[in-house]
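Letters go in sequence order (proteins before strands), and every chain restarts at 1.
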Number of protein chains: 2
Amino acid sequence: MSQVHAFPKPGHNHARCTADALRKAEAVCAARKSRLTEIRRDVLETVWQSHVPVGAYDILSHLNENGGKTAPMAVYRALDFLMENGLVHRIASLNAFIGCAHMGEEHHAAQFLICHSCGTTAELESAPLKRALTQAVSERGFTIDSQIVEISGTCPHCRAA
Amino acid sequence: MSQVHAFPKPGHNHARCTADALRKAEAVCAARKSRLTEIRRDVLETVWQSHVPVGAYDILSHLNENGGKTAPMAVYRALDFLMENGLVHRIASLNAFIGCAHMGEEHHAAQFLICHSCGTTAELESAPLKRALTQAVSERGFTIDSQIVEISGTCPHCRAA
DNA sequence: AGGTATAATGTGATGTTATAACATATACAA
DNA sequence: TTGTATATGTTATAACATCACATTATACCT
Ligand SMILES: [Zn+2]
Ligand SMILES: [Zn+2]
Ligand SMILES: [Zn+2]
Ligand SMILES: [Zn+2]
């Protein structure tokens, strides 16, 4: 069941990741009666080109590769939509965005492992960590609204190399 | 000993916080043979004007209040120095900076509680949380270099009000 | 179908945060 | 004192993000 998610491997079949993600996104939006419009889908697809967080202006460049004329605002609006619907996360320490690995699974925590060698970023999603955090915070009389956990280091694959 | 740090109270004697911070900073720099130059000290003092994280350009404005002509670069360089020496932290989710509450005490974690009502931001510094984090991360074969934990919510004082 | 409200997108300007590149000045040790 | 590393000055620009307002598309009611 609650298996520890493996860190994305260098040579994995990423086309499947992307396809899965887009399919799930369609389902989530259908369920929520949110409209996954063309630009939103394009942005999501761009974000899913890899497991490396991508900047808003990189997304923009990608969209405009073939002579498009999309403006930054459109990208940010699409990203806002995708974040509101739990399809994309923002990595604050990088000012960049990454596809959510747990669409629709209502995961509360946004915890990330960021390899500063290959850039690959994965969701940690540790329940014990979440508990420790909740405990520590409530001990201090603080009420949580949102949290950011971003851990930078070296991923297993880069470490092996 | 390892007492739970109280969240800064609204009416506390903050002049003492500032004075303590500057004194400790002098000591830390002396010990490390780092030079706390005028601009670095000015930036540190500005950062310590409150327990609310302050943006680089706000610091800049403050420095230039009386006709100064400091450039952004100077502020960022001072902030880099202060961060390298553990005197200031960056709050990634706010693009802002705050004085370190544990100067010289070699605390490894940078964990913050951010009240989005009053802006007051305090270091959490929870050992159990740090352990849970280390555990969860190493289970996944990841090697930590640095971490960011930023929790937004309502502080005890704002909650009471 | 037509009308109307809401949602989404287009567009241009601007705001905010951060760094590059190179010149000059200062500290400090040999 | 003189060389070298460190710190600062200066100008420009990169990178990230939002405002404000116009236009278009879609939903949904009559
Ligand atoms: Zn993949
Ligand atoms: Zn890696
Ligand atoms: Zn204080
Ligand atoms: Zn508060």
Student: Asp80(B) CG to dA20(C) P: how many Å, rounded?
Tutor: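 It is 10 Å, rounded to the nearest whole Å.
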
Student: Name the nucleic acid region contacted by Arg35(B), choosing base, sugar-phosphate or nothing; use a 4.0 angstrom heavy-atom cut-off, strictly under.
Tutor: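 The answer is sugar-phosphate, as Arg35(B) gets under 4.0 Å only of primed atoms, P, OP1 or OP2.
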
Student: In this structure, how many angstroms lie between the P atom of dT6(C) and the CZ atom of Phe81(A), rounded?
Tutor: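 That distance rounds to 19 Å.
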
Student: Determine the minimum heavy-atom distance between Ala25(B) and Met103(B), stating which atoms define it.
Tutor: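 Nearest pair, atom of Ala25(B) first, then Met103(B): N-SD, 3.7 Å.
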
Student: Evaluate whether the aromatic ring of Tyr57(B) and the six-membered ring of the dT16(C) base sit under 5.5 Å apart, centre to centre, with an inclination under 30°.
Tutor: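 Whether judged by distance or by angle, Tyr57(B) falls short somewhere, so it does not stack on the base of dT16(C).
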
Student: From dT18(D), dT19(C), dA8(C), pick the nucleotide closest to the side chain of Pro72(B)?
Tutor: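 Nearest to the side chain of Pro72(B) among the choices is dT19(C).
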
Student: Return the value, rounded to whole Å, for the distance between atom CZ of Arg41(A) and atom P of dA8(C).
Tutor: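 In whole Å, dA8(C) P lies 17 Å from Arg41(A) CZ.
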
Student: I need the CD1-P distance between Ile91(B) and dT16(C), as an integer number of Å.
Tutor: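 My rounded result for the distance is 21 Å.
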
Student: Can you get from Val28(A) to Leu36(A) by hopping between Ile, Leu, Val, Met, Phe, Trp and Tyr side chains that sit under 4.5 Å apart?
Tutor: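 Yes, Val28(A) connects to Leu36(A) through the hydrophobic network.
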
Student: Could you tell me whether Arg23(B) and Asp20(B) have a side-chain N and a carboxylate O separated by less than 4.0 Å?
Tutor: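 Salt bridge present between Arg23(B) and Asp20(B).
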
Student: For Gly55(A) and for Lys69(B), locate the closest nucleotide of DNA chain D by heavy-atom distance; then report the residue assigned to the nucleotide nearer the 5' terminus.
Tutor: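 Its nucleotide being nearer the 5' end, the pick is Lys69(B).
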
Student: Less than 4.0 angstrom between a side-chain N/O of Thr70(B) and OP1 or OP2 of dG9(D), yes or no?
Tutor: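 The answer is no; no side-chain N or O of Thr70(B) sits under 4.0 Å from OP1 or OP2.
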
Student: Send over the distance from Glu38(B) CD to dA25(C) P, rounded to a whole Å.
Tutor: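 So the two atoms are 17 Å apart, to the nearest Å.
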
Student: Can you find a side chain N or O atom of Asn95(B) that sits less than 4.0 Å from OP1 or OP2 on dT16(C)?
Tutor: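 Asn95(B) to dT16(C) OP1/OP2: no side-chain N or O under 4.0 Å.
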
Student: Specify the separation, in whole Å, of atom OH of Tyr76(B) and atom P of dT10(D).
Tutor: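 Tyr76(B) atom OH is separated from dT10(D) atom P by 19 Å.
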
Student: Measuring to OP1 and OP2 of dT8(D), would you say a side-chain N or O of Arg77(B) lies under 4.0 angstrom away?
Tutor: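 For dT8(D), neither OP1 nor OP2 has a side-chain N or O of Arg77(B) closer than 4.0 Å.
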
Student: What's the CE-C1' distance between Met73(A) and dT11(C), to the nearest Å?
Tutor: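 Spelled out: CE on Met73(A) to C1' on dT11(C) is 11 Å.
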
Student: Consider the side chain of Ile39(A), meaning its heavy atoms from C-beta on, and name the nucleotide among dT10(D), dT9(C), dA18(C) that approaches it most closely.
Tutor: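 Shortest atom-to-atom distance from the side chain points to dT9(C).
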
Student: Given Gln111(B) and Ile148(B), is the side chain to side chain contact (heavy atoms under 4.5 Å, CB included) satisfied, shown in steps?
Tutor: CA-CA 6 Å; Gln111(B) 310 166 345; Ile148(B) 293 176; over 6 Å; no

Student: If I take atom CZ in residue Arg40(B) and atom P in nucleotide dA27(C), what distance separates them, rounded to the nearest angstrom?
Tutor: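 It works out to 12 Å between those atoms.
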
Student: Treating Ile, Leu, Val, Met, Phe, Trp and Tyr as nodes and any side-chain heavy-atom pair under 4.5 angstrom as an edge, say whether Leu22(A) and Val54(A) lie in one connected cluster.
Tutor: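 Yes, one cluster joins them.
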
